[in-house]
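Step one of this worksheet: look at the structure below.
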Amino acid sequence: MGCLSTPYDEEEPIVGSDSRISSIEHNEGEDDPWRLAAIEEDSTPWETLTLKLKCNRVALLTGKIACLLCLLWMFVCSLDCLSSAFRLLGGKVAGEALASSVLLSNPVAGVMIGVLATVLVQSSSTATSILVSMVTSEVLTLPHAIPIVMGSNIGTTVTNTLVALGQVRAKGDFRRAFAAATLHDFFNWLCVIVLLPVEVTSGYLYHFTDAITKGLDLNRTNSTTSNTKLLKAITEPVTKEIIDLSSAKIKAIARGEKVNGSIIELGDHLFSNWPGSDSSAGVLLLTASLVSLTACLLLIVKILCSLLRGAVAKAIQRVVNSDFPGPWRHLTGYAAMIVGAALTVLIQSSSVLTSALTPLVGLGAVHLERMYPVILGANLGTTMTGMLAALASDPESMRAGIRLALSHFLFNFSGILLWYPWPPSRKVPLSAAKAMGNTVARYPWFALAYILLAFLLLPLLVFAVSLSGPAGLAAVAAPVVALGILLAMVNFLQRHAVHMLPVRLRTWEDSGLPKALRSLEPYDSFFNKLCGGICREKFRSKSSEKEKLVKRQPKSKETEFNTDDPFSIDDD
């Protein structure tokens, strides 16, 4: 964020929802908002309950778990419908863009296309499978497809970032949840920033995958591999009743072929006889999917808040956040990485796994540092979808698809080697995520600004600049990168070696920069005024109604109404 400052020393104590007060460690007068939440026993102990009350508690717990599973299923169905809606809205345009060798010849443009395409389909597995089919059909070359795969890693993280918004009402929960969501974002951005120039200059993924697959005799292989998807088997019976799209036409669009007519299949589903265009069907399906997705997220968080209490929450905290004993302690993170990869291979969706973990981190049941290796494992597990898609292709073209799937795997594995084993490098994405969590805890509106900037405006801007060619991109990127490095160095010296800086740069307040360039306070004041005007009208109307009620009551009961404190617009 450059020189934009966030005054952490002014933060309020973190109080979670449902009377869960986060544990606070007083250290030199400062609170630690990142510790696990203190679990309080807010119910009668099990041993003291009668048989009837025990049965009631078990039935209530079973009902909540059943509702949670149903909501998770509806959440996945909504994501599937959302993906279909985006295909209806921009499938043909996206296919033409992906088939344009002029656009894809620029690796930076390829990364941004990968980000935007994966944001649209809400699944890196889907985007990678489409890319594999395009490579095996020789529509795309492997060097053009590798940057798009890198961008797909970034685009898939928008789902769990949206999930974090469900906890915006509780300041402490929102801080932890948004940090957990953006941890995945920062890791993927850092991997692309480091590894894309390496790939462009050396082609290490291209040559390494060529060496691995050179000895494989794939032409004689009788490929009968099917891309089995657990989630698809669970959700398709419902989603196929809502809408069914032609996979053949979608693949033809991906190959750059011209497709006439609608991509909606005829059959027994809600949109089978749709009289309008594909775009109008996409708008309707998009609206319904977003409403369903938002409702599911809010209810999931609400149920999790009620479940993660007392003995259940303590058990989860103890099991998930505990380390291996003795000398095996340092292997705990790698074991969590394997678990994350295995779960992602099973459900074939890293978005669902990280979206399920994000509320748990927000509620204080899972530590942010423990989630980190799990999402790294999820990044590895999601590459298996592309491998299965490659193995299901024709033997003659299988090798190219396998090389792309291996490139995806090696890219994610290289990112893990860069940002996990060495503790100082491990702290880079964790520190960035915590800084983002602290920022949105103080300025909640910045969460929406970040989502729009990171997943829409910035990719579109970089994509537009990259179209001007390498010279134009370098002319714009070089000053921005130099300014970012300079700001990072000044921030580092301000914290660790302030005596090395000139007096004017020892604090941003004394630097002479306008406040709008070094702090979010001016923007926060603007949003507060904008919202305050609306809220003031609401409070004024409520206060006038309250005063009327007071006048109608006898004077002995006037003390029951306090029109000052409950309706004060100045109350934080």
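These figures come from a predicted structure and were not determined experimentally.
In this structure, F455 and Y450 have perpendicular ring planes: the angle between them is above 60°, well past the 30° mark. Aromatic ring pairs are classed by plane angle as parallel below 30°, tilted from 30° to 60° and perpendicular above 60°; the pair F492 and H496 is tilted.
Considering CZ of R399 and CG of L406, their distance stands at 10.5 Å, rounded to 0.5 Å. Expressed to the nearest 0.5 Å, how far CZ of R403 lies from NZ of K214 amounts to 9.0 Å. Going from atom CG of L71 over to atom SG of C77 covers 11.5 Å, rounded to the nearest 0.5 Å. Here the NE2 atom belonging to H408 is positioned 4.5 Å from the CG atom belonging to N412, to the nearest 0.5 angstrom. To the nearest 0.5 Å, atom CZ of residue R506 and atom OG of residue S511 are 14.0 Å apart.
Between I451 and L165, the shortest heavy-atom contact is CD1-CD1, 3.9 Å. Shortest non-hydrogen contact noted between I146 and L404 is N-CD1, 4.3 Å. When every heavy atom of I303 is checked against every heavy atom of K64, the shortest pair comes out as CG2-O, 3.8 Å. Heavy atoms only, all atoms of each residue included: L376 and I416 are closest at O-CD1, 3.8 Å. Across all non-hydrogen atoms, the minimal contact from K171 to A441 is CE-O, 3.5 Å.
In summary, the aromatic rings of F174 and F178 are positioned with their centroids under 6.0 Å apart. Side-chain rings of Y372 and Y420 approach one another, their centers coming within less than 6.0 Å.
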Table please: side-chain donor-acceptor pairs of residues 359-367 below 3.5 Å, with sequence neighbours left out.
residue, atom, partner, partner atom, Å
H367, ND1, E369, N, 3.3
H367, ND1, E369, OE1, 2.5
H367, NE2, W34, O, 3.3

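With D524 contributing its side chain and L520 its backbone, the two residues share no donor-acceptor pair below 3.5 Å.
Using modelled atom types and a 3.5 Å distance limit, the side chains of W508 and N491 yield a donor-acceptor pair. No side-chain donor-acceptor contact under 3.5 Å links D323 and H330.
Under the side-chain contact (heavy atoms from CB on, under 4.5 Å) rule, T354 has a single partner from T156, T161, N160, T159, which is N160.
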